[in-house]
Amino acid sequence: MKKLPVTMSKTETARGIGLLLFQRIFLPSLLVSVFTLLSITPSEAEINALYFFINFLAAIVIFRNFLWAELDVALRNPSRVISSAAIGYGIYYVLSFALSYLIQWLDPEFYNLNDAHIGAMSESQFALMAVGTVLFVPLAEELLFRGVLFNKIYEKRPVLGWITSITLFSLVHVVGYIGQYSPLGLLLAFLQYLPAGIALCFAYVNSGTIFAPILFHTAINTLAIVLQLSLDRLT
């Protein structure tokens, strides 16, 4: 087992779990209620951007000590961070490519509702969605899914750490669409996020710092948003 140089404190872990539950269960409804109270009618993209920003700020505040320690590790070996992120992307690409054939064979009509949802918001307010998905999302999600849900568990039970982080990372991207997919479609949507979860955990362990998966996650989201821009210009 490759040991991670920095271990998240119990306090940060507990607060991180609280943040994860709050952002998934209460924050969306809270934002809608506040806007209703203020008689403001924002677009869905604006609500999402604010949601991303709040999570980003909360993650920085809660995990500031962990982040400083991780940054020190990253700055001592930046080439390791970059190479781990690059290898992680290669793993992600190969696994995603293979999975696409399986999905095409199982359900030729399948499409990812979350991707379609983000794409629709990007069409209407591209700059806002680009800032949210490229600048705010990677750091917040990596601190939660690779920091809170991987770091502490991996320290004592590595395999369980991998399973927990990868499974919950996939689950949160599809749970909001339960009832909109067929049972097979829900399974395929869940499977689509496994390659990213696997590759992000690899980048973290291989580099020894959370900044490698943050870099990799930023690259994935940047490529996705650039592709969305290209598609918008073609239509």
**Student:** Do Val61 and Val137 share a hydrophobic cluster, counting only Ile, Leu, Val, Met, Phe, Trp and Tyr and linking them when any side-chain heavy atoms are less than 4.5 Å apart?
**Tutor:** no
**Student:** How close do Asn151 and Leu4 get, counting heavy atoms only, and between which atoms?
**Tutor:** ND2-CD1, 3.9 Å
**Student:** Please report the interatomic distance CD1(Ile91) to OG(Ser96), rounded to the nearest 0.5 Å.
**Tutor:**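 The distance works out to 11.5 Å.
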**Student:** Between Leu171 and Ile103, is there a shared hydrophobic cluster once you connect ILVMFWY residues whose side-chain heavy atoms come closer than 4.5 Å?
**Tutor:** yes
**Student:** In the structure I gave you, are the side-chain heavy atoms of Glu12 and Lys152 within less than 4.5 Å of one another anywhere?
**Tutor:** no
**Student:** Are Phe202 and Leu160 joined in one hydrophobic group, where the rule is that I, L, V, M, F, W and Y side chains link up if heavy atoms are under 4.5 Å apart?
**Tutor:** no
**Student:** Rounded at 0.5 Å granularity, tell me how far CG in Leu187 sits from CZ in Phe110.
**Tutor:**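 One gets 9.0 Å once the value is rounded to the nearest 0.5 Å.
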**Student:** With the side chain counted from C-beta on, respond yes when Ile163 and Ile153 share a heavy-atom pair under 4.5 Å apart, and no when they do not.
**Tutor:**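 Result no, sub-4.5 Å side-chain heavy-atom pair not found.
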**Student:** What are the two closest heavy atoms between Val175 and Val172, and how far apart are they?
**Tutor:** CG1-O, 4.0 Å
**Student:** Would you say the rings of Phe97 and Tyr101 are close, in the sense that their centroids are separated by under 6.0 Å?
**Tutor:**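 Distance test on ring centres: under 6.0 Å, yes.
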**Student:** Above 12 or not: heavy atoms from other molecules or residues under 6.0 Å from CZ of Arg157?
**Tutor:** no
**Student:** Would you please classify the geometry between the Phe66 ring and the Phe63 ring as parallel, tilted or perpendicular, with 30° and 60° separating the classes?
**Tutor:** perpendicular
**Student:** I want to check something: taking the side chain as every heavy atom from C-beta on, are Tyr193 and Asn112 in contact at a cut-off of under 4.5 Å?
**Tutor:** yes
**Student:** Is it the case that atom OH in Tyr111 sees more than 12 heavy atoms from other parts of the structure closer than 6.0 Å?
**Tutor:**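 Result for OH/Tyr111: open.
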**Student:** Are His117 and Glu44 close enough that a side-chain donor and a side-chain acceptor fall under 3.5 Å?
**Tutor:**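 There is such a pair between these side chains.
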**Student:** Looking at Leu19 and Ala58, what are the two nearest heavy atoms and their distance?
**Tutor:** CD1-CB, 3.9 Å
**Student:** Please round to the nearest 0.5 Å and tell me the distance separating atom CE of Met8 and atom CD of Glu155.
**Tutor:**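 So the gap between those two atoms works out to 11.5 Å.
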**Student:** For the residue pair Glu46 and Tyr51, confirm or rule out a side-chain donor-acceptor distance under 3.5 Å.
**Tutor:**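 No, no side-chain donor-acceptor contact under 3.5 Å.
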**Student:** Report yes if some heavy atom in the side chain of Leu27 is under 4.5 Å from a heavy atom in the side chain of Asn55; otherwise report no.
**Tutor:** yes
**Student:** Could you walk me through whether Ile60 and Leu139 pass the side-chain contact (heavy atoms from CB on, under 4.5 Å) check?
**Tutor:** CA-CA 9 Å; Ile60 289 178; Leu139 183 140; 4.0 Å; yes
**Student:** How far apart are the closest heavy atoms of Ser207 and Val81, and which atoms are they?
**Tutor:** CB-CA, 4.3 Å
**Student:** Does Ile87 offer a backbone N or O that forms a donor-acceptor pair with the side chain of Tyr92 under 3.5 Å?
**Tutor:** no
**Student:** Would you call the rings of Tyr154 and Phe150 parallel, tilted or perpendicular, where under 30° means parallel and over 60° means perpendicular?
**Tutor:**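 Taking Phe150 first and then Tyr154, their aromatic rings lie parallel (interplane angle under 30°).
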**Student:** How about Phe52 and Phe136: are their ring centroids closer than 6.0 Å?
**Tutor:**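 They do not qualify: ring centres at least 6.0 Å apart.
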**Student:** Restricting to non-hydrogen atoms, name the atom on Tyr181 and the atom on Leu186 that form the minimum distance, rounded to 0.1 Å.
**Tutor:** CB-N, 3.5 Å
**Student:** Do you reckon Leu99 sits in the same ILVMFWY cluster as Leu188, going by side-chain contacts under 4.5 Å, direct or chained?
**Tutor:**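 Same cluster: Leu99 reaches Leu188 through Ile, Leu, Val, Met, Phe, Trp or Tyr contacts under 4.5 Å.
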**Student:** Heavy atoms, side chains only, cut-off 4.5 Å: are Leu144 and Gln23 in contact?
**Tutor:**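 Yes. Closest side-chain heavy atoms under 4.5 Å.
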**Student:** Treating Arg146 as the side-chain partner and Leu143 as the backbone partner, does any N or O pair qualify as donor plus acceptor under 3.5 Å?
**Tutor:** no
**Student:** For side-chain contact (heavy atoms from CB on, under 4.5 Å), just list the numbers for Arg15 and Lys10, CA-CA rounded to whole Å, side-chain angles, deciding distance to a tenth of an Å, and then say yes or no.
**Tutor:** CA-CA 9 Å; Arg15 289 174 179 173; Lys10 290 181 180 180; over 6 Å; no
**Student:** Give a yes or no on whether the backbone of Gly161 and the side-chain of Ser165 come within a donor-acceptor separation of less than 3.5 Å.
**Tutor:** no
**Student:** For the pair Asn65 and Ser9, evaluate side-chain contact (heavy atoms from CB on, under 4.5 Å) and give the outcome as yes or no after the intermediate values.
**Tutor:** CA-CA 9 Å; Asn65 294 329; Ser9 70; over 6 Å; no
**Student:** Identify the heavy atoms of Pro195 and Leu191 that sit nearest to each other, and give their distance.
**Tutor:** CD-O, 3.3 Å
**Student:** Look up atom CG in Asn77 and atom OG in Ser79, then write down how far apart they are to the nearest 0.5 Å.
**Tutor:**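 Atom-to-atom, Asn77:CG and Ser79:OG are 4.5 Å apart.
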**Student:** Would you compute the distance between atom CG of Leu67 and atom CD1 of Ile62 and round it to the nearest 0.5 angstrom?
**Tutor:**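 One gets 11.0 Å once the value is rounded to the nearest 0.5 Å.
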**Student:** Indicate if Val159 and Leu200 have the same hydrophobic cluster label, given that clusters are the connected sets of ILVMFWY residues with side-chain heavy-atom separations under 4.5 angstrom.
**Tutor:** no
**Student:** Do Val73 and Arg76 have side chains that get closer than 4.5 Å, going by heavy atoms?
**Tutor:** yes
**Student:** Report yes if some heavy atom in the side chain of Leu50 is under 4.5 Å from a heavy atom in the side chain of Phe35; otherwise report no.
**Tutor:**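 Leu50 vs Phe35: side chains touch.
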**Student:** Rounded to the nearest 0.5 Å, what's the gap from CG on Leu149 to CG on Leu168? Could you check?
**Tutor:**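 Those atoms lie 5.5 Å apart.
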**Student:** Check whether any side-chain N or O of Ser29 sits under 3.5 Å from a backbone N or O of Ile25 as a donor-acceptor pair, and report yes or no.
**Tutor:**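 Here the side-chain-to-backbone pair does not exist.
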**Student:** Let me know which of Phe145, Phe190, Trp162 forms a ring-ring contact (aromatic ring centres under 6.0 Å, His included) with Phe169.
**Tutor:**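 Result for ring-ring contact (aromatic ring centres under 6.0 Å, His included) with Phe169: Phe145.
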**Student:** Are the side chain of Thr209 and the backbone of Glu70 linked by a donor-acceptor contact shorter than 3.5 Å?
**Tutor:** yes
**Student:** With a 4.5 Å heavy-atom cut-off, do Leu194 and Leu95 have their side chains touching?
**Tutor:** no
**Student:** Do any N or O atoms from the side chain of Lys2 and from the backbone of Asn206 form a donor-acceptor pair under 3.5 angstrom?
**Tutor:** yes
**Student:** Please check if the side chain of Ser83 supplies one atom and the backbone of Arg80 the other of a donor-acceptor pair under 3.5 Å.
**Tutor:**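 Confirmed, Ser83 side chain pairs with Arg80 backbone.
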**Student:** Do side-chain atoms of Asn221 reach the backbone of Thr133 as a donor and acceptor pair under 3.5 angstrom?
**Tutor:**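 Yes.
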